[in-house]
Amino acid sequence: MNDIIKNIEAEQLKADVPQFNVGDTVRVHALIKEGNRERIQVFEGTVLKKQGGSTRATFTVRKSSNGVGVEKTWPLHSPHVKNVEVIRRGKVRRAKLNYLRDRVGKAAKVKERVK
């Protein structure tokens, strides 16, 4: 039974998943359906956390919009997530950046990783 589930999940995995980590600033291109029309909406922010594995993997992105913090969580292998492009790499020492929720302005920034 377990092999059957693994085979079904393997078919649903995306082949071109981008490499990004917690702390990176990403631009997520999401497919939005409004009635009978479809459009791509872009959401740009900092990755707070990545969790799960296989087809259940999700990531949370946070941005500040008009002074209000907005967080969205997407399934990584969802057909509604068309593209995730990395804008800049962040230098962090934690797996989950929940402390950014309490910070405002420059204190909410993540240092950029220089190679």
Side-chain angles (χ1 to χ4, degrees):
M1 188 67 177
N2 206 3
D3 293 335
I4 298 169
I5 294 172
K6 285 182 181 178
N7 291 337
I8 293 171
E9 287 183 351
E11 294 171 4
Q12 295 174 350
L13 291 175
K14 280 186 182 176
D16 57 339
V17 176
Q19 290 295 322
F20 62 93
N21 293 315
V22 174
D24 293 352
T25 301
V26 295
R27 193 174 285 151
V28 181
H29 299 263
L31 183 69
I32 305 293
K33 292 186 179 181
E34 295 173 332
N36 57 356
R37 294 184 303 139
E38 293 181 350
R39 65 182 175 89
I40 301 289
Q41 186 175 29
V42 179
F43 188 89
E44 183 176 340
T46 305
V47 178
L48 287 188
K49 61 183 172 180
K50 287 174 72 174
Q51 61 188 23
S54 184
T55 56
R56 294 178 214 84
T58 61
F59 64 100
T60 301
V61 179
R62 179 180 177 85
K63 74 172 183 178
S64 179
S65 177
N66 296 326
V68 178
V70 179
E71 289 183 18
K72 285 191 177 184
T73 302
W74 284 285
L76 187 59
H77 296 283
S78 171
H80 294 291
V81 177
K82 292 298 179 189
N83 187 16
V84 179
E85 56 181 292
V86 179
I87 305 302
R88 56 188 282 256
R89 301 279 181 183
K91 180 182 177 185
V92 294
R93 297 169 67 178
R94 296 174 181 265
K96 307 263 193 287
L97 302 181
N98 294 324
Y99 66 90
L100 289 181
R101 294 176 178 152
D102 300 329
R103 306 222 175 155
V104 181
K106 280 190 174 181
K109 285 190 173 184
V110 175
K111 288 184 180 177
E112 188 167 4
R113 184 171 55 194
V114 180
K115 286 190 176 181

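Identified under the salt bridge (Lys or Arg N to Asp or Glu O under 4.0 Å) test for residues 21-44, with sequence neighbours left out: D24-R89, R27-E44, R27-E85, K33-E38, E34-R37, E34-R39. The salt bridge (Lys or Arg N to Asp or Glu O under 4.0 Å) contacts involving residues 96-106 comprise E71-R101, where partners must be two or more places apart or lie in separate chains. Listed by first then second residue, pairs satisfying salt bridge (Lys or Arg N to Asp or Glu O under 4.0 Å) with a partner in residues 52-61 read E9-R56, not counting sequence neighbours.
Interatomic distance, H29 NE2 to L31 CG, rounded to the nearest 0.5 Å: 12.5 Å. E112 contributes atom CD, which lies 11.0 Å from atom CD1 of I87 (distance to the nearest 0.5 angstrom). Rounding to the nearest 0.5 Å gives a distance of 15.0 Å between NZ of K72 and OG1 of T58. Of the inter-residue distances, the one linking T55 atom OG1 with L13 atom CG reads 6.5 Å to the nearest 0.5 angstrom. The structure places CZ of R93 at 10.0 Å from NZ of K111, a figure rounded to the nearest 0.5 Å. Separation of atoms CZ (R88) and OG1 (T25) is listed at 4.5 Å; rounding is to 0.5 Å.
When the shell of 6.0 Å around NZ of K109 is examined, it contains 12 or fewer heavy atoms from other residues, nucleotides or ligands.
Inter-residue side-chain proximity for S65 and K63 is flagged as met; some heavy-atom pair is nearer than 4.5 Å.
Annotation for V47: hydrophobic cluster partners, listed by chain and number, are V17, F20, V26, V28, F43, F59, V61, V70, W74, L76, V81, V84, V86 (ILVMFWY side-chain heavy atoms under 4.5 Å, direct or chained). Grouping Ile, Leu, Val, Met, Phe, Trp and Tyr residues whose side-chain heavy atoms lie under 4.5 Å apart, directly or via other members, places V110 in a hydrophobic cluster with V22, L48, V92, L97, Y99, L100.
For T60, the side-chain hydrogen bond (donor to acceptor under 3.5 Å, both in side chains) partners two or more places apart in sequence, or in a different chain, are T73.
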